[in-house]
Protein chains: 2
Amino acid sequence: MKSTKNTRDAIRSTTDLATRLHLSRWTISRVLNGHSGVSEETQTRVRAAMQELGFQPNSLARGLRKGTTNIIGICLPEIEGLYLGQKLEFLRRALAAEGFHAMAAITNGDLQEEAQAFDRFRNLRAAGVVSFASQLTARHPRVRSITEAGIPLVFVDPTIRPPKGSVCVDRSTGMQEAVEYLFSLGHRHITTLGLGPDGHYSRDRMQGISHAYAAHGWEARHFVRQVPLANEGLSHYANGRASAAAVWNANFHPTAVLTVNDRVAIGLMDGLRSLGVRVPEDLSLVGYDAMEVGAFLSPRLTTIDARPDELIAAATERLLQSIRGEDPGAAPEVIPTRLLPRDSAGPAREPEA
Amino acid sequence: MKSTKNTRDAIRSTTDLATRLHLSRWTISRVLNGHSGVSEETQTRVRAAMQELGFQPNSLARGLRKGTTNIIGICLPEIEGLYLGQKLEFLRRALAAEGFHAMAAITNGDLQEEAQAFDRFRNLRAAGVVSFASQLTARHPRVRSITEAGIPLVFVDPTIRPPKGSVCVDRSTGMQEAVEYLFSLGHRHITTLGLGPDGHYSRDRMQGISHAYAAHGWEARHFVRQVPLANEGLSHYANGRASAAAVWNANFHPTAVLTVNDRVAIGLMDGLRSLGVRVPEDLSLVGYDAMEVGAFLSPRLTTIDARPDELIAAATERLLQSIRGEDPGAAPEVIPTRLLPRDSAGPAREPEA
DNA sequence: CTGTTAGCGCGTTCAA
DNA sequence: TTGAACGCGCTAACAG
């Protein structure tokens with residue numbers, strides 16, 4: 001007695017809908033899956049009824065039977081300060097156009113959390129997975145189980161050496177460009193803030209800096225000093241502020257600073273202000289990420305745009321290709337950054353040799 | 001031949017695991033669901049094997065059979081500028097402790113998207129739904145279908161009049177407090193930026209302002225002027241900047257401005273700077289949301305903290321109560337805000353009557 | 001073009 | 001304490 005012919009009853013299954021329309025439930029199923037063998041008229045009738053009654057076939061049963069769902073898993077490390085954040089809408093829209101639904105898991109930048117999210121997406125028979133700033137290597141068991149299950153996987157700007165099928169930011173060239181720009185303003189002695197020797201992100205960026213010096217026949221280590229963030233427990237802003245004294249160091253005379261990101265740069269600007277150091281007259285500052293707020297500060301923050309729109313567009317394209325069974329190729333796709341010259345970087349304090 | 005006794009075969013189902021352990025699959029099921037009737041020894045043996053083999057029962061089949069999953073649906077309007085963003089981790093952690101998994105849908109602030117997300121969560125037999133800054137009324141068909149399906153639903157700071165089971169920000173009292181603070185600094189003529197007559201948020205805040213004036217026996221409309229945002233197409237920052245001229249209006253002499261949020265306030269500060277208007281000497285500024293960056297500007301932004309931590313803690317508590325079958329009560333829970341006096345609001349330009 | 005049968009992996013109910 | 005039948009809602013394959 002779970003379904004009756006009563007018109008007012010809720011429609012909960014294809015069976016209900018079928019009896020309601022005086023069809024067999026297999027006909028409904030065929031319409032649902034776009035199979036041939038149903039008359040045009042019946043099709044439109046079924047579709048109209050589905051629309052009108054707001055009927056949606058049970059995703060759980062569907063996924064169980066088909067072995068795949070229309071869910072696309074998105075792994076996000078954090079939700080605030082994510083430079084890709086607002087561009088995610090592009091991904092969502094593109095996926096929706098193909099009938100997929102994006103479901104995000106926030107991993108708090110934790111490797112274990114990310115691995116668990118991968119596992120859940122596999123368990124849910126997701127149609128694909130996109131992981132942002134991933135910490136998982138291709139050899140990680142959870143990554144393997146995703147790929148072994150045949151689920152397309154795209155890494156966007158992974159924090160480790162990019163596994164195959166990644167879309168990456170060209171940090172190296174971006175930094176080289178920034179340093180060239182500083183050279184053109186007469187700078188030579190540069191301090192980096194927050195770019196440690198560890199991690200893929202930092203290494204790539206330090207490499208770009210070295211390249212810039214090398215292109216002029218100089219050795220970077222004679223002109224560049226690395227200052228680590230003051231305290232890992234603090235926020236990026238607070239860390240930037242707390243590092244002002246270390247950056248403005250009497251033993252080393254930088255005329256410019258390259259920071260790990262805009263938040264650190266903004267905090268540093270505040271710290272320098274307290275110290276009476278003027279930006280850019282005394283010290284030039286270059287951020288990274290092109291946060292919107294940077295354009296509304298005084299001075300307006302010179303920064304590097306990591307092109308989140310391009311990154312996400314490329315990732316979307318790759319994912320959809322994989323889902324369609326096309327091979328997007330294993331080589332990581334590298335997206336160039338763009339320098340945004342504004343006011344926080346200016347001519348060097350004094351001409352240098 | 002879908003499962004063999006071969007030890008090296010992948011374990012994909014309870015049947016596989018059962019044959020592997022020389023048990024019946026119903027015993028596995030009982031362990032999985034914590035039912036009695038399985039010896040301690042067998043239980044530990046099963047659990048150990050599950051751990052070791054990384055076996056997870058198929059969520060789809062489980063949900064299909066039980067009529068509910070361990071997914072908690074989270075509706076988020078946007079991902080950038082969300083003042084609750086970083087506190088979401090608290091929710092995730094609390095849910096995980098109870099065995100639930102948060103899955104977020106980004107709705108882009110769109111009513112249709114939110115309704116669809118509700119529908120998908122219902123279709124997936126989510127164990128609960130939390131919607132942030134919702135635009136859906138309790139009478140919306142998709143909301144009804146969620147509640148009729150018996151799925152606990154909590155609205156956090158809805159943009160409309162709070163449906164039952166909401167957790168809200170006390171905007172009215174918050175604004176009253178802010179205005180009182182401005183009074184204490186000698187201000188009387190205030191301009192609001194971005195607080196229109198439309199919308200629940202704005203109305204509550206305007207009401208709080210009126211209350212503050214009324215408490216002193218004044219009529220707000222004689223002292224308060226509302227300036228709308230310049231252009232809905234722009235970002236909040238850009239809108240704030242573009243509104244500087246309208247705020248600094250020769251026909252009205254505000255000594256203080258209350259903005260709809262910190263982003264608008266930061267943009268406005270920039271616009272005022274271009275106009276040669278000093279903050280706070282010429283004009284005091286109060287933001288809203290307590291974005292972290294506000295504390296690193298010059299001047300440091302005086303703002304109102306909407307207590308996202310408290311909000312989310314309350315929402316989490318309510319959701320878990322509902323899931324446990326307890327009734328958290330229908331009355332909206334109202335969380336007080338907190339004024340953060342910093343440097344962008346100072347004494348009024350000149351003593352006023 | 002339409003109806004039938006089988007089974008996806010699991011949990012509940014009843015029997016042993 | 002353990003085993004077996006049944007069905008959740010759907011789709012693939014096969015009959016008619």
Side-chain angles (χ1 to χ4, degrees), chain A residues 1-3 9-46 50 53 55-71 99 120 122-127 149-150, chain B residues 1-3 9-46 50 53 55-71 99 120 122-127 149-150:
Chain A
M1 189 96 91
K2 69 197 172 231
S3 72
D9 271 5
I11 305 293
R12 308 202 168 286
S13 66
T14 48
T15 310
D16 292 355
L17 187 61
T19 53
R20 177 89 151 71
L21 296 178
H22 304 292
L23 295 168
S24 81
R25 75 190 172 83
W26 297 275
T27 303
I28 307 289
S29 181
R30 282 193 194 90
V31 174
L32 236 32
N33 295 283
H35 287 183
S36 59
V38 183
S39 70
E40 276 299 331
E41 189 202 327
T42 311
Q43 281 193 38
T44 49
R45 204 155 68 89
V46 171
M50 279 175 41
L53 300 168
F55 171 74
Q56 284 188 314
N58 185 324
S59 299
L60 263 17
R62 217 161 200 243
L64 176 60
R65 185 62 238 246
K66 302 219 299 185
T68 179
T69 63
N70 56 4
I71 294 174
R120 263 180 286 132
R122 183 190 53 78
N123 193 300
L124 282 176
R125 306 296 188 267
Chain B
M1 189 96 96
K2 67 193 174 233
S3 74
D9 271 3
I11 306 292
R12 307 202 167 287
S13 65
T14 47
T15 310
D16 291 356
L17 186 61
T19 54
R20 177 88 152 70
L21 296 177
H22 305 291
L23 294 168
S24 79
R25 93 183 163 76
W26 295 274
T27 303
I28 307 288
S29 181
R30 275 192 272 272
V31 174
L32 235 33
N33 296 283
H35 288 183
S36 60
V38 183
S39 69
E40 277 299 330
E41 188 202 329
T42 313
Q43 282 193 38
T44 50
R45 203 156 68 91
V46 171
M50 280 176 39
L53 301 168
F55 170 75
Q56 285 188 313
N58 185 323
S59 300
L60 264 18
R62 216 159 201 248
L64 177 60
R65 182 61 235 237
K66 301 217 300 183
T68 180
T69 63
N70 56 5
I71 294 174
R120 262 181 286 133
R122 184 190 52 79
N123 194 301
L124 281 176
R125 305 296 187 268

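Small disclaimer: the values here were computed from a predicted structure and weren't measured.
When the side-chain nitrogen and oxygen atoms of A:Ser24 are compared with OP1 and OP2 of C:dG3, one or more of them lie within a distance under 4.0 Å. One finds a side-chain N or O of B:Thr27 lying less than 4.0 angstrom from the OP1 or OP2 phosphate oxygen of D:dG3.
For the pair B:Leu17 CG and C:dC10 P, the computed distance is 9 Å after rounding to whole Å. A:Asn123 has its CG atom 17 Å from the P atom of C:dC8, to the nearest Å. A:Leu23 places its CG atom 7 Å from the P atom of C:dG3, with the value rounded to the nearest Å. Atom CG of B:Leu64 is separated from atom C1' of C:dG7 by 12 Å (rounded to the nearest Å). Atom-to-atom, CG of A:Leu21 to C1' of C:dG3 comes out at 17 Å; the value is rounded to the nearest Å. Rounded to an integer number of Å, the gap from CZ of B:Arg122 to C1' of D:dG9 is 14 Å.
Atom-to-atom distance recorded for B:Thr44:OG1 and B:Glu41:CD is 6.5 Å, nearest 0.5 angstrom. Taking CZ from A:Phe55 and CD1 from A:Ile11, the interatomic distance works out to 8.0 Å, rounded to the nearest 0.5 Å. Here CG of A:Leu32 is found 10.0 Å from CD of A:Gln56. Values are rounded to the nearest 0.5 Å. Taken to the nearest 0.5 Å, the OG1 atom of B:Thr27 stands 10.5 Å off from the CD atom of B:Gln43. Here the CZ-OG1 distance, from B:Arg30 to B:Thr14, works out to 12.0 Å after rounding to the nearest 0.5 Å. Note: B:Leu21 CG to B:Asp16 CG = 11.0 Å, rounded to the nearest 0.5 Å.
Note on the helix from C:dC1-D:dG16 to C:dA16-D:dT1: terminal axis deviation equals 40°, with five pairs used at each end and the result rounded to 10°.
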For this session: Could you run through nucleotides 10-16 of chain D and give me one letter per nucleotide, 5' to 3': B if any protein heavy atom sits under 4.0 Å from the base, S if only the sugar-phosphate is that close, - if neither?
Result: BBBB---

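Heavy atoms only, all atoms of each residue included: B:Ala18 and B:Ser24 are closest at CB-C, 3.5 Å.
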What pairs of donor and acceptor atoms, side-chain ones from residues 59-71 of chain A against any protein atom, are under 3.5 angstrom apart with sequence neighbours left out?
| residue | atom | partner | partner atom | Å |
| --- | --- | --- | --- | --- |
| A:Ser59 | OG | B:Asn123 | OD1 | 2.7 |
| A:Thr69 | OG1 | A:Ile71 | N | 3.3 |
| A:Thr69 | OG1 | A:Leu124 | O | 3.4 |
| A:Thr69 | OG1 | A:Arg125 | O | 2.9 |

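Looking at B:Ser29, its side chain never comes within 3.5 Å of a backbone N or O of B:Arg25 through a donor-acceptor pair.
In terms of position along DNA chain C, the nucleotide closest to A:Val38 lies nearer the 5' end than the nucleotide closest to the other residue of the pair A:Val38 and B:Leu60.
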